[in-house]
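The structure appears below as structure tokens.
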Amino acid sequence: MQVPNEGHVAVLAFPFGTHAAPLLTLTRCLSSSAPNLRFSFLNSAKSNAKVFSKIKPDDYRNIKPCNVDNGIPEDHVFSGHPLEAVELFLRAMPRNFENGLKEVVANTGTKITCLFTGFVLLVCGRYGGRNGRSMGGALDCLAVFCFCPYVHRCIENGDQTLDFIPGMNTIRAKDLPEGKLILPSQKDLKSKLKMVLNVGPFDLASPPKSYSDDSGCIRWLDRHEPASVAYLSFGTILTPPTNELIALAQALEAQKVPFLWSFRDTSKLHLLEAFLQRTSTQGKVVPWTPQLQVLENSSVGVFITHAGWNSVSESIAGGVPMICRPFFADQMLNSRLVVDIWQIGASVEGGTFTKSGTMRALEIVFSSEKGKKMKENIGVLKAKAKMAVGENGSSTKNFKTLLKVVSG
Ligand code: UDP
């Protein structure tokens, strides 16, 4: 095997939620277009094991997974708080990434020529230097891929719109992630950063060749009428609270909507036991679905989602309108985009699932003029996304530029 020798790209991943997987997808696209570059993928051991287990070694020949300290002390007893591991990891930063970078430089004997990250950059180009150039040289080729470029700014009132940021006048303060953080618009970012390159969605550009469907979801969907099924999933981290799960189940049963539900939290499955017995011919509850393929199946008419970014983007790729119930982080902003700006989905009255609010949202998507318009709008957005990743599309052009930047 030829040893990559024309540069060393260190990719720093955030190991929670579905952050690392799309960053690895992008890294794989870059690495297959630049086989002479060496890529080191720095991430926690747990997340690395998860994301690399889903791809074949032949698909990442010049990418090496490198584990960094997750910040969890040896004798640590978890309290059960969902964000505890995140807190510990953040506390271990940037030292854990700095140590990881030192290690990959020592192990490979190759300096880092480009630092690439999927979240706010906390580690600066201290380990760079191309062909013996100084730290400053490394900073020149620092490619910051901003999935979440946050800028601190105080806001007094949740309903205040962000009209002081170009292009953000339709976003309200309360749509933003917690902690009064602001996601600048693309226009604003362009004025602040030297280069802003929007790329993707990669699943549209090169759809995965295979998928596993242990629960037979696609076979089940194939038996249903076009646009008749409600698909439910709340991503990889959260499960809605008990009262909302019950309300959701009641609404699905009352509306007699066929449903496919990705339900990961087995400790809460007993809450739905009686409902599942009554609805065994109406719906299917499984621990995991091949979501991309589910959303591309013509029988799916609505996606009930927490509005995680990957889910939103996959729903657009499938042309499926959404019912959004955001919980935290960027989900409120994504939901606002889906419901009010792009008009490709509905929210639930009051912001939480109740039986009547969910029934109303289902009615809107399935049987109203507004729902029909949502379907049209999402079709237009899907076509735009397809065009972006097409031969002369903006994503394809940006990707080529990114490749040049990363290659140094
Ligand atoms: N996913 C899946 N099958 C499931 C549930 C989730 O394939 O049954 C995938 C989904 O396709 C998406 C990711 O998990 O790519 C969830 O990412 P998202 O950003 O929506 O939510 P997060 O898990 O980060 O909260």
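As the structure is a computational prediction, the values presented were derived from the model and not from experiment. Whatever order the structure lists them in is the order used to number ligands and atoms, beginning at 1. Just so it is clear, the values below take in all heavy atoms, side chains as well, and ignore hydrogens, waters and symmetry mates.
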Using a heavy-atom cut-off of under 4.0 Å, does the side chain or the backbone of [X] touch ligand 1, or both, or neither?
X    : result
H306 : side chain
W288 : both
H19  : neither
S233 : side chain

For [atom], what is the nearest protein heavy atom, given as residue, atom name and distance?
atom                    : value
atom 15 (O) of ligand 1 : E314 OE2, 2.7 Å
atom 13 (C) of ligand 1 : T18 OG1, 3.6 Å
atom 20 (O) of ligand 1 : S311 OG, 2.5 Å
atom 19 (O) of ligand 1 : N310 ND2, 2.9 Å

Tell me if the centroids of the rings in F52 and Y60 come within less than 6.0 Å of each other.
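Yes: the rings meet the under 6.0 Å criterion.
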Test of ring centre spacing under 6.0 Å for F259 and F275:
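Judged by ring-centre distance (under 6.0 Å), F259 and F275 do meet the cut-off.
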Name the option, out of T236, L232, V312, V294, that contains the heavy atom nearest to atom 23 (O) of ligand 1.
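Going through T236, L232, V312, V294 one by one, T236 has the nearest heavy atom to atom 23 (O) of ligand 1.
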Tell me, with the steps shown, if F14 and F97 meet ring-ring contact (aromatic ring centres under 6.0 Å, His included).
CA-CA 11 Å; F14 186 59; F97 279 120; 9.1 Å; no
Is the shortest distance from a Lys or Arg side-chain nitrogen in E98 or R95 to a carboxylate oxygen in the other one below 4.0 Å?
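No salt bridge links E98 with R95.
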Which of the ligand 1 atoms, numbered from 1, are nearer than 4.0 Å to a heavy atom of [X]:
X    : result
W309 : 19 (O)
G17  : 24 (O)
T289 : 2 (C), 3 (N), 4 (C), 7 (O), 8 (O)
S262 : 4 (C), 5 (C), 8 (O)

[Y] versus [X], side-chain donor and acceptor atoms under 3.5 Å:
X    : Y    : value
N198 : N398 : no
S311 : Q291 : yes
N99  : D69  : no

Minimal non-hydrogen separation, A247 against F353, with atom names
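Nearest heavy atoms, A247 then F353: CB-O, 3.5 Å.
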Of the non-hydrogen atoms in L260 and V229, which two are nearest, and what is the gap between them?
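For L260 versus V229, the nearest heavy atoms are N-CG1, 4.0 Å.
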